[in-house]
Structures are given as C-alpha cells and as structure tokens.
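Being a predicted model, the structure only gives us computed values, none of them experimental.
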Amino acid sequence: MPRVLVQLGLLMFSASTFAAEHWAFQPLKPVKAAGVDEFIQQKLKEQGLESAPRADPRTLIRRATFDLTGLPPTAEETEAFVNDPSPGAFPRLIERLLASPHYGEQWARHWLDVARYSDTKGYVYAREEKNWVHATPYRDWVVRALNTDMPYDRFLLLQLAADQVAPPKSPDLAAMGLLTLGRRFLGVTHDIIDDRIDVVMRGTQALTVACARCHDHKFDPIPTRDYYSLYGIFQSSAEALAPCAEGEDPQLAELVKKNRELMAKRREEQMTRTRARAADYQKALTELDKYPEQGFDQILDEKDLNPFIVHRWKAWADAHPGTVLTEEVLKKPGSPAYVPEEHIANIEMYFPTGVITELWKSQAEVDRYLLKTPAAPAHATLLVDRPLPSTPRVLLRGNPLTKGDEVPRQFLSALGRQQPFTQGSGRLELARAIIDPHNPLTARVMVNRLWQHHFGRGLVSTPSDFGKQGGIPTHPELLDWLAQRFMDSGWSLKSIHRLIMLSAAYQQDSRSSDPRDPDNRLLSRMNPHRLSFEEARDAWLTAAGKIDLRVGGRPAPLFAASNTRRTLYAQVDRENVPAVMRTFDFANPDLSIPQRTETTIPQQALFGMNHPFVVQQARALVKNASAVKSDAARIHFLYRQLFQRSPTHGELESALRFLDDDQPTPVVESDHSQSWHYGCGEWDEGTGRVKDFKALPHFTGSAWQGAEKWPNAELGWAQLTATGGHPGNDRKHAVVRRWTAPASGSYDIRSVIIHEPKSGDGIRAFMSHSRLGKLRDTRLHGATADLSLSAIEFHNGDTLDFIVDIGDGLNNDQFLWAPKIAPNAATSTGAGGDMPRETWDAEKDFAPHSKSQLTAVEQLVQVLMLSNEFMFVD
C-alpha cells in the first residue's frame, strides 16, 4: 500500500485529539541526537555511572552472530574477525549477518512467539484434521519477509488484510496466519474473535484490549464499547481456504469440488428445513431461555429447533420490526433462514450434529491431502469480508444473551476521535489505522521489541503492555527517537538493528558491575543471557557438524532420528508441546508471548546429562575428531568447534589428565536393562524363529516405536512399553521383546500374556529360543494365556524372543506381556540363602537404551557442551 494513501486516508490522529494522558498514547516527541549512546550516556552521567569497556572481539562476534542468526560463528569466521583491527570490521560483520538467510529464521521465532504460532489447532473433535494446513506457509512467509526487510507497515498490513491488498494466489496471502492460527476453542465464535483481538492489540499496540470484554478496562482508557467495535470487525470476517502459490493439482481440485458440492447440498437442505418450520422458530422467540446460544456440547437432530438459528431469528426480528417473514423473504441472503456460503469453520452452528461431522470429514480430506502431498500448491487460511457486515452490540458482562447498545466498527477512542469504518468489515481500515504514522504506539512497540531481544530487556520492560499497569520507559526520549528513525527509514527493521548494534552500549563488556544499578536498567554494561532452547539445540548440532541449514519447509518431530534441521522447523503441537521444550521455557503457543521466562531448574541439567540427543551430538563431534592423532591436538580441535578458540594452558592440562584417567566406572549392581532389546520382525513358522529382527528406532520416554509420531508410515502401530505393546500393521511387523542370557545355565520363565479387547480377531504370540526354536505359542482374543516354562537351558549369549503379531487383521491388537526370568530354583545357588534370587523383570528393567558408558573423551565433550561458556552469550 503506497504510504501516501495511508496518510491521505487516515488523518485521524493529532496531538489535540488524544483522549488519554498516559505516556504511551501521546504523540512521538521530536528528539534530536547523534545516536543511541547520547541517550545512554546522559542517564549514566546523571547517576554518576560509567560505561563498561568494549568487549573483546571474540565476545562481540559470538554476541552478534547469535543475536542476528541464532547460530554460533564458525572458528574461521571468529579468527578472521579477531585478526581484523580495522574500524570497519564490526559494521561489516553486522551487514554480513543481516544478509544471512538465517537472520530471518532467528527473528521469525521472536515474532512467532508473539503470533502464538502452532502447527496444530489444539483440542479438536475427532471429526476434523488437527493440523493446520497453513502453518508452514505462514512461518516461511515471516522468514522471507524479514530476510527481505519488508517494511514493517507492509508486514502488518498483509497480516491483517492481505485478502484485500494482495492478488489471488500471491505468497503474501499466507501472512494472514497471524489471525487464523489461534486455538479453535471448540468452535465457540466469541472466544475465537477474542483471541484475534488479543493477538492484534497486544502484538501491534501493546494494549490489553481483551480485558474490556466484560467491563471497561480497570486501568487503561479502553471502554467495553471499544472492544466490541473491534469485535464487529472480526465478526464481519469469515475464514476461507485459498491457494497462496501457483500450480494446479487435479486430485486436489476433485477433492475441493466434492467438498463444495456436499456443502451446497447440505446448505440447501438446512435452509429448506428452516423455512418449513418458520412458525416454530417464530414461537421460540417467546421462550429463548430454552435455547442456549452456541453451546459446544449440544447434540442436535434434524428435527430439533437449532438454538443458533433461534437467536439469529431474534436478532433479525429486532432489526426488522414489522416485516412479514414470507417464503420469498426467507430465501434472501441475510434472512434468518439463510446459510452463508462459507467454510465449515464459519457455519457449522447452522447444522445438526451429524451433518457437522459429515462436513468436517469432507473438509478433512482436502486438508490431509494438502498436508501429505508436498507437490500440492501451498494454501493459506484467510479472513475475508462477509457480504453483509455486522453492526456489533455490546455484550453486557461478556454474556451473549444480554446484548446492550450498538457500536460502530472503528479504532480505539484512546487515540483520539475515530470515524466509523465503512469498507466492508473494516479490517483493512483497522490495518491502516494501526500503521498510520501518526499512531504513536505501533513504531514504539516494535522498536522496543527489537531492543529487548538485543539487551535482554526492553526500554519498556513489559513489551506487550504499554498501559498503566505496564513498565515506564527507562529512556523515553530514546524510545521516541528510535521510533521516529524507524518510520523515517521506511519502517526498516534492519536499520534499527544497525542503530542498536553499532552503538557503544551494545558493544560493552558484560563483566563490570556497579551496586548503584544492580539490575543494569541504565545499561552501564551488557547483559549476558542463556541460549534459548532453539539456540542451544542448533548450537549442539552445529558443533557436531550435523546441522541441516535448509531454509523453509514442513515441520518434523523434534527428536525424530532424521531431524537435524534448525529447531524453528520442529513441529509445535499446542496440545502436546514436548516436555523438553516446556522445561527450557518455550513459548506457550496458546497465548501471545512477548518474552520468555528464563528458569534454572534441575530438569534442564538432567536433560543435558541424560538425553540421547545430547549424547549423540557429543559422540558425533568425537567421531569428527577421530582423525586427529594426539590427545592434545584432539582437545584443540574440540575447543575450536565448541568455543571457536584454543584451550588455555590450564584447560589443556586438566583435559589431558582427565583423558589419562580413563578408568571404567565400577559396577555396583547388575544393570539388567542391558539384557533386553526391543524390535520387530516376521515370525517364520518353518524355523520357529523371527527373521529380519530390526531394533525399534525411537524411544518416547515410555515406549519404543518407529518414530516420534505413532503410528508412522514405516512401522505402523508397532510399539513396546514396559508392560506390553501393540504389533505392527501386518504380520511382517511383529513386535519382539528380546532377552539375552548373561551366563550359561538353567532358567525359569514366568510369562502371562493378556489380550483384553473383545473387538477384532485377537493376536498371535510366540516364545522362541535362538538355539532351540519355538518353545510356546498361542492365539488369544479377549483372553489370558500362561506361557510360563521351567528349567530351560541357555548358553551365554543365547536369546529368548517374546513375539506378538496380529490375528487375521489389524483391529484392537494391544496386549499386556511383561515376562520375568530367573535362574532355575533347583539349580541356582545363593550366599547361604541370604540373597534373593536374581530376576530379570521386563517391566522394571525397561529402559530407553542399554546403558553404554561414554568414553572419557565423550564425557569431556558432553561436559563442555553443557558449560556456561557454551550455554551463555556474554
């Protein structure tokens, strides 16, 4: 949108018309200064403080590289920067980092926290697809927009109204994910709209407008009328699925056509039913208490009066007093019997429950095709203006049943006298009001977010609340100066990065301190910070030489064996955020999160010490160092990979002593988990054994299976837990719990298998000895079988397999089977009977993997990967 049009059309803000006295609502104050440091130094001088000295070059390149790309610098980049004493070295570094494709990835993550990004909808009924088809296009659009330094006013305009300013099939349509990626709220429209108001107003204006849903804001000049003025904008907008890329897909087109035809048929049927019962609906207006509005738990039959239509009928009657509802009137768009031609997400409340399920399942076929077909054109979920916009009414105390006065669709009264929006829903006018250069909030809010991510805290410490309960700017003149420079630069985010990062304040050392400013609010030094979870995981992968730096694309499970991509591309499931991400303060995808908490808890250290992912990266780095012959040279290599420097003399000596003292840890007690392995294969009746045994590759923390997602494409439902499991989808993928005899001797096997479900046709189970072949077998359905054996001879290293596959078909094949194995009671000897008989218990021994000991050099690398120097940025 050309800026001249914005200025001509929106001269609604002026200093004389601002209704609120609070600082955030006041116009930007004209301030002249040579740069950021002038403001910082003035505050320090007032308090008798001095700035810390400039940080050393190695600290600066690490700080700048993590800030702008979320990745560590390479040893070669660090060496080149350290050895470049020219005054232009740091500005050149900043330009190189701003031009990196990874800049957009790092800063997209900050914006996605604000946008409450998720790849899934959250809790939904089983009838619909739970994954968003437009999440990936939105995330990738944000990355591209930031990499190309899209003007921020355009960045916001597209996220609010791309449907009206971008051409059909434009990639920019994906921008509207800001509005449409929120929770589904079980389809409750009032909550969905509230979520959209909240993300827009917190994200762009740093105002908690949603607090005015039930009453005037308790602290800020935001009346309930303002909330419902915005509510009307989103109430007058409907979701629509549309392509945001060129290309045709015949199979997709056929699915879309089928879905539209079914929708058209069911709409016509519903309108016919409603018109036929006009008299009943008219009568229902006298007993509205019998028809609760939008109860998500209502189950409606075709013969029932629809409560939503009853209330719509009431609203229409109030708006058209004295109008006779003839058949002709009821057929017109806008009548209480008319069902709009929209996406099922917008109109499901018009239909009986069975029809809703049918229509969602039809839509789910389209959605799943888009999700599973990489070649299909990308799609965006837009908001589009409804043909007949709504005139909103205040819902007294937020209750849909108690409607108050009508209010116009318009912007916030705290920012001056507003004109009602007249173009469709008013969403485009709302976007233009937000990005109007005379709006004092938009630029202030965004430069404060940028400052926060560079210094750890914003000039306003509450980045999404500039209201009276929020923080007061520590440097108000600096905030306004940056905001004005931001707009003067053409809303260039990269220009503000340059202003901030080229300042002496940003380049300060972090180790100085002064008791007169313990929280460093005046910035007499730099604030060190711990890596976010995404930065730490990416840094571990980088150090190990395994990171995949492809930009964009579909998400993958966080700890999938093949996932070495940046953590930005890990799947975010708002209903089931991985525990590790929660442990490391990942943003809650249900809410707009302006800044993450930074906790220090034992679980974080336990993850670093015990999780297979960290161990894998340590081993991969050691493997990369295997070509280095001497221990000293190997330690130098490891330090360069991890810290982009050589070890000090003391560090080298300590590491060498540690490697020289490579003694195995004494075994205090038997580790029976090493005797069990978990895999799958095919039962061979001819040999009485499993053929093609393959270990199950993924451990979830409570089960072994084919991948993080279960079931998965390769191994289907195959899974083993501590107490049982589920076979794969066919007999080629039986699940196998394998025990290996630790010593020769005679063993007893206590083995009871249970199949509980009455559905399906049951399971088959086998016990097979590696030398002796099949020992026991059974087929059971909703029953229990005892497969215990006594005095079975084993040689050291012999295996015993407990095998389960499906009956004749895949249907309710879960089972319980946790055998116990012990030396035969008649032949085993103890210490005079004072020790219990040793037992291998499948349930108690269940573990993520056989506990193999790390070598000394692997332990050293793991410790270095968890060190403060690696995990913190100075």
Side-chain angles (χ1 to χ4, degrees), residues 24 67 70 103-119 122 132 134-135 138-147 150-160 162 174-183 194-211 230 234 430-431 434-435 439 441-467 470-471 483 486 491 493 496-497 532-535 567-568 572 574 577 581 585-598:
D67 268 13
Y103 159 79
E105 294 176 313
Q106 169 73 346
W107 285 83
R109 183 64 265 175
H110 298 320
W111 181 256
L112 295 178
D113 283 0
V114 173
R116 40 83 172 114
Y117 175 85
S118 173
D119 293 296
W132 288 119
H134 60 295
Y138 175 67
R139 182 241 292 142
D140 290 351
W141 178 86
V142 174
V143 172
R144 287 194 305 272
L146 296 176
N147 274 333
M150 177 183 286
Y152 183 63
D153 56 349
R154 177 73 177 175
F155 182 74
L156 293 183
L157 179 67
L158 288 169
Q159 292 183 81
L160 298 175
M176 297 195 73
L178 173 71
L179 298 176
T180 58
L181 276 173
R183 289 170 57 198
D194 182 75
D195 175 65
R196 289 170 179 165
I197 292 172
D198 189 60
V199 75
V200 172
M201 290 294 108
R202 283 184 193 265
T204 70
Q205 307 296 282
L207 294 176
T208 55
V209 173
C211 292
L230 299 175
F234 293 106
L430 170 65
I434 287 173
I435 64 175
N439 178 349
L441 287 169
T442 306
R444 276 183 181 141
V445 169
M446 193 56 188
V447 297
N448 188 64
R449 293 194 192 282
L450 297 181
W451 188 275
Q452 168 203 326
H453 291 301
H454 282 302
F455 285 95
R457 178 172 51 222
L459 296 168
V460 180
S461 60
T462 52
S464 281
D465 186 0
F466 276 24
F486 184 33
W491 298 86
L493 293 170
I496 302 303
H497 288 300
S532 68
F533 175 71
E534 294 96 321
E535 291 168 337
T567 316
L568 175 69
V572 179
R574 62 166 33 105
V577 177
M581 297 175 80
D585 309 311
F586 185 76
N588 181 349
D590 283 343
L591 304 170
S592 177
I593 302 296
Q595 58 189 139
R596 298 188 185 181
T597 55
E598 190 172 297

Problem - Atom of Q452, atom of P594 and distance for their closest heavy-atom approach - result: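 Scanning both residues completely, I find the closest heavy atoms to be NE2-O, 3.1 Å.
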Practice task
Please name the pair of heavy atoms, one in S464 and one in T208, separated by the smallest distance, quoted to 0.1 Å.
Solution key: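 Of all heavy-atom pairs spanning S464 and T208, the closest is O-CG2, 4.5 Å.
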Exercise for the section: Could you tell me whether the side chains of Q159 and W141 share a donor-acceptor contact shorter than 3.5 Å? Expected result: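 No pair is found: no donor N or O on one side chain lies under 3.5 Å from an acceptor on the other.
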Given side chains that start at C-beta, do those of [X] and [Y] come closer than 4.5 Å, heavy atoms only?
X    : Y    : result
V445 : P463 : no
I434 : D153 : no
D198 : L591 : no
H453 : D67  : no

Problem - Set of side chain to side chain donor-acceptor pair (under 3.5 Å) partners for T462, sequence neighbours left out - result: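 Partners of T462 by the side chain to side chain donor-acceptor pair (under 3.5 Å) criterion come out as none, since no residue qualifies.
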Handout entry: Partner set under side chain to side chain donor-acceptor pair (under 3.5 Å) for T442, not counting sequence neighbours
Key =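 Applying side chain to side chain donor-acceptor pair (under 3.5 Å) to T442 gives Q205, N439.
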Do any N or O atoms from the side chain of [X] and from the backbone of [Y] form a donor-acceptor pair under 3.5 angstrom?
X    : Y    : result
S592 : V114 : yes
N448 : L459 : yes
T180 : M176 : yes

Practice task
Decide, yes or no, whether a salt bridge links E534 with R596 under the criterion of side-chain N to carboxylate O below 4.0 Å.
Solution key: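 Yes, E534 and R596 are salt-bridged.
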Problem - Salt bridge R109-D113, side-chain N to carboxylate O under 4.0 Å - result: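 Yes, R109 and D113 are salt-bridged.
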Exercise for the section: With sequence neighbours left out, write down each residue that passes salt bridge (charged side-chain N to carboxylate O under 4.0 Å, His left out) with R444, or none if nothing qualifies. Expected result: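 Residues passing salt bridge (charged side-chain N to carboxylate O under 4.0 Å, His left out) with R444: D480.
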Problem - Partners meeting salt bridge (charged side-chain N to carboxylate O under 4.0 Å, His left out) with R196 (sequence neighbours left out) - result: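 Once residues adjacent in sequence are excluded, the partners of R196 under the salt bridge (charged side-chain N to carboxylate O under 4.0 Å, His left out) criterion are E239.
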Practice task
Verify salt bridge (charged side-chain N to carboxylate O under 4.0 Å, His left out) between D590 and R116, making sure each step is shown before the conclusion.
Solution key: CA-CA 6 Å; D590 283 343; R116 40 83 172 114; over 6 Å; no
Would you compute the distance between atom [atom1] of [X] and atom [atom2] of [Y] and round it to the nearest 0.5 angstrom?
X    : Y    : atom1 : atom2 : result
E105 : R139 : CD    : CZ    : 9.0 Å
I197 : L430 : CD1   : CG    : 9.5 Å
Y152 : T204 : OH    : OG1   : 6.5 Å
R449 : L493 : CZ    : CG    : 12.0 Å
N588 : M581 : CG    : CE    : 11.5 Å
M446 : L156 : CE    : CG    : 8.0 Å

Practice task
Compute the centroid of each ring, for Y117 and then for W111, and state whether the two points are separated by less than 6.0 Å.
Solution key: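 Y117 vs W111: aromatic centres not under 6.0 Å.
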Practice task
Assess the pair H110 and W107: is the distance between their ring centroids shorter than 6.0 Å?
Solution key: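 Aromatic pair counts; centres sit under 6.0 Å.
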Exercise for the section: Decide side chain to side chain contact (heavy atoms under 4.5 Å, CB included) for L160 and I435; before the verdict, give the C-alpha distance in whole Å, the side-chain angles of both, and the deciding distance to 0.1 Å. Expected result: CA-CA 11 Å; L160 298 175; I435 64 175; over 6 Å; no
Practice task
Would you please name every residue forming a side chain to side chain contact (heavy atoms under 4.5 Å, CB included) with E535, sequence neighbours left out?
Solution key: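 With sequence neighbours excluded, E535 shows a side chain to side chain contact (heavy atoms under 4.5 Å, CB included) to F66, Q106, L531, S532, given in chain and number order.
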Practice task
Mind checking ring-ring contact (aromatic ring centres under 6.0 Å, His included) for H134 and listing every partner two or more places apart, or none if nothing turns up?
Solution key: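 For H134, the residues satisfying ring-ring contact (aromatic ring centres under 6.0 Å, His included) (neighbours in sequence not counted) are W132.
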